[in-house]
K.L.:
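Submitted below is the structure of interest, expressed as structure tokens.
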Amino acid sequence: MSSPPAAGRAAVLSGLGTCLPSRVVTNDDLARHLDTSHEWIHSRTGIARRRVAAPHTGTAELAAAAGRAALASAGRTGCDLVLVATTTPDRTCPATAPRVASLLDLSGTAAFDLSAVCSGFVYALAVASSLITAGTCESALVIGAERYSTITDPDDRSTAILFGDGAGAVLLERGTAARDGAVLHTDLGSDGTGEELITVPPGERYLRMRGREVYARAVPAMVDSTRRVAKAVGWEPGEIEGLIGHQANIRILQAVARRLELPAERLVAHLEDVGNTAAASIPLAMAHAAEERRLAPGARTVLTAFGGGLTWGSAALTWADVTPVHHLEPDAAG
Ligand code: COA
């Protein structure tokens with residue numbers, strides 16, 4: 001599925017926020033109870049540490065803190081829609097987003113969750129951007145929030161080393177395609193025949209993953225989706241100035257960049273410090289890129305993701321001139 005190239009009206013990114021739990025778990029911490037090592041994990045994945053939420057912190061609290069930070073980054077206090085992309089909602093029913101809206105003092109605002117695993121943020125960005133360009137709403141908070149520690153088997157060394165908790169958010173507002181930060185085009189896809197590759201099996205608590213097969217499927221899917229989205233907006237792949245991929249594994253990101261013939265410095269990598277945070281990984285990496293001033297306002301940027309479902313998706317945007325705001329994990333008192 002592909003959205004038409006934006007002409008005139010567009011959703012424009014105006015704020016960027018994050019919330020990371022305060023507890024850091026290093027590879028050495030994991031190696032104390034798992035048959036693994038920092039060297040194995042770091043050389044195979046690029047991950048050195050990840051964050052784990054406190055027992056009192058739900059996905060909603062992480063999402064609300066990141067959403068509040070994105071509103072502050074944009075200098076706003078409200079919006080018309082709260083969209084939470086998550087694989088780990090606090091409850092099966094109801095959705096997380098209405099509680100997030102109420103934690104943000106936005107009761108009355110439209111709010112729903114979107115589930116597309118690690119592609120969730122790009123899917124949510126596509127949905128929110130389409131609602132804005134269609135005139136259904138003026139502004140939307142798009143939040144990727146995860147608490148993978150609730151579905152990760154602490155005794156499974158093939159997954160426990162990968163995932164982390166956290167949340168990242170962007171505020172989108174109605175503007176024009178000429179503005180820095182404009183979402184120009186999105187490309188989404190899925191293949192349900194691969195549902196067993198990343199799954200919490202029915203009746204079970206923990207995620208199971210066939211890592212090697214996921215790796216092999218992720219690289220071509222992200223490359224092809226990036227090519228499609230770039231072509232739709234008239235960019236040669238080599239003209240992409242910033243590639244912000246889902247932060248699953250540094251070797252996947254490097255392989256995607258190599259196939260697109262992009263120099264490594266155009267790749268934004270943030271997973272060393274936070275691991276794979278699923279739907280939160282792209283907005284966290286965007287905030288990292290903004291913090292480090294990696295991209296100039298207006299730079300040709302592609303977000304690209306791949307995850308369980310299987311799902312994949314990409315978005316082409318121009319880089320926004322925004323300063324990210326980081327909020328701490330809320331304490332037990334709220
Ligand atoms: N420490 C040490 N050894 C480990 C290990 C760990 N944490 N995890 C697995 N191993 C072992 C395996 O048991 C296997 O041993 P064997 O050869 O004796 O059977 C060996 O390392 C190779 O395992 P394999 O799973 O083939 O490793 P890999 O090189 O494919 O790396 C991943 C594993 C998970 C890092 C890699 O497949 C990956 O990143 N895949 C993508 C996962 C992903 O990104 N998922 C989310 C997508 S949204």
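On a predicted model such as this, the values are computed, not experimentally measured, just so you know. As the structure lists them, so they are numbered: ligands from 1, and atoms in each ligand from 1. Quick note: numbers below take in every heavy atom, side chains included, and nothing from hydrogens, waters or symmetry partners.
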K.L.:
Starting from V183, can I reach V122 by hopping between I/L/V/M/F/W/Y residues whose side chains sit under 4.5 Å apart?
P.N.:
yes
K.L.:
Thinking salt bridges, do R76 and E173 make one under a 4.0 Å N-O criterion?
P.N.:
yes
K.L.:
Would you mind checking which non-hydrogen protein atom is closest to atom 36 (C) of ligand 1, with the distance to 0.1 Å?
P.N.:
N249 ND2, 4.2 Å
K.L.:
Answer yes or no: is there an ion pair linking R217 with D191, defined by an N-O contact shorter than 4.0 Å?
P.N.:
yes
K.L.:
What protein heavy atom sits nearest atom 44 (O) of ligand 1, and how far away is it?
P.N.:
A248 CB, 3.1 Å
K.L.:
So which protein heavy atom does atom 33 (C) of ligand 1 come closest to, and at what separation?
P.N.:
W40 CH2, 3.9 Å
K.L.:
Any protein heavy atom lying closer than 4.0 Å to atom 18 (O) of ligand 1?
P.N.:
no
K.L.:
Please indicate, with yes or no, if any protein heavy atom is found under 4.0 Å from atom 14 (C) of ligand 1?
P.N.:
no
K.L.:
Would you check whether D35 reaches within less than 4.0 Å of ligand 1, judged by its heavy atoms?
P.N.:
yes
K.L.:
If we only count N/O pairs under 3.5 Å, is R44 in contact with ligand 1?
P.N.:
yes
K.L.:
Verify the neighbour count for atom CD of E261: are there more than 12 heavy atoms of other residues, nucleotides or ligands below 6.0 Å?
P.N.:
no
K.L.:
Does atom 21 (O) of ligand 1 have any protein heavy atom closer than 4.0 Å?
P.N.:
yes
K.L.:
State whether the shortest distance between N or O atoms of N276 and N or O atoms of ligand 1 falls below 3.5 angstrom.
P.N.:
no
K.L.:
Given E146, which partner from the list N276, T88, T59 fulfils the side chain to side chain donor-acceptor pair (under 3.5 Å) test?
P.N.:
T88
K.L.:
Examine distances only and state if a side-chain atom of T45 and a backbone atom of I41 form a donor-acceptor pair shorter than 3.5 Å.
P.N.:
yes
K.L.:
So, are R208 and D153 salt-bridged, with charged N and O less than 4.0 Å apart?
P.N.:
yes
K.L.:
Report the nearest protein non-hydrogen atom to atom 12 (C) of ligand 1: residue, atom name, distance rounded to 0.1 Å.
P.N.:
R157 NH2, 3.8 Å
K.L.:
Please work out whether any backbone atom (N, CA, C, O) or any side-chain heavy atom from C-beta onward of I161 is under 4.0 Å from ligand 1, and answer side chain, backbone, both or neither.
P.N.:
side chain
K.L.:
Any atom of ligand 1 sitting under 4.0 Å from a heavy atom of I252?
P.N.:
yes
K.L.:
Is atom 4 (C) of ligand 1 close to the protein, meaning a heavy atom under 4.0 Å from it?
P.N.:
yes
K.L.:
Are the side chain of T311 and the backbone N or O of A116 linked by a donor-acceptor pair below 3.5 Å?
P.N.:
yes
K.L.:
Tell me which protein heavy atom sits closest to atom 40 (N) of ligand 1, plus the residue, atom name and distance to 0.1 Å.
P.N.:
G211 O, 3.0 Å
K.L.:
When only distance counts, is R212 in polar contact with ligand 1, meaning an N/O pair under 3.5 Å?
P.N.:
yes
K.L.:
So, is Y215 polar-close to ligand 1, with some N/O to N/O distance under 3.5 Å?
P.N.:
no
K.L.:
Could you go through the salt bridge (charged side-chain N to carboxylate O under 4.0 Å, His left out) check for R23 and E329 one step at a time?
P.N.:
CA-CA 9 Å; R23 185 172 156 226; E329 179 179 19; over 6 Å; no
K.L.:
Does this structure show an ion pair linking R228 with D187, if we count only N-O contacts that are shorter than 4.0 Å?
P.N.:
yes
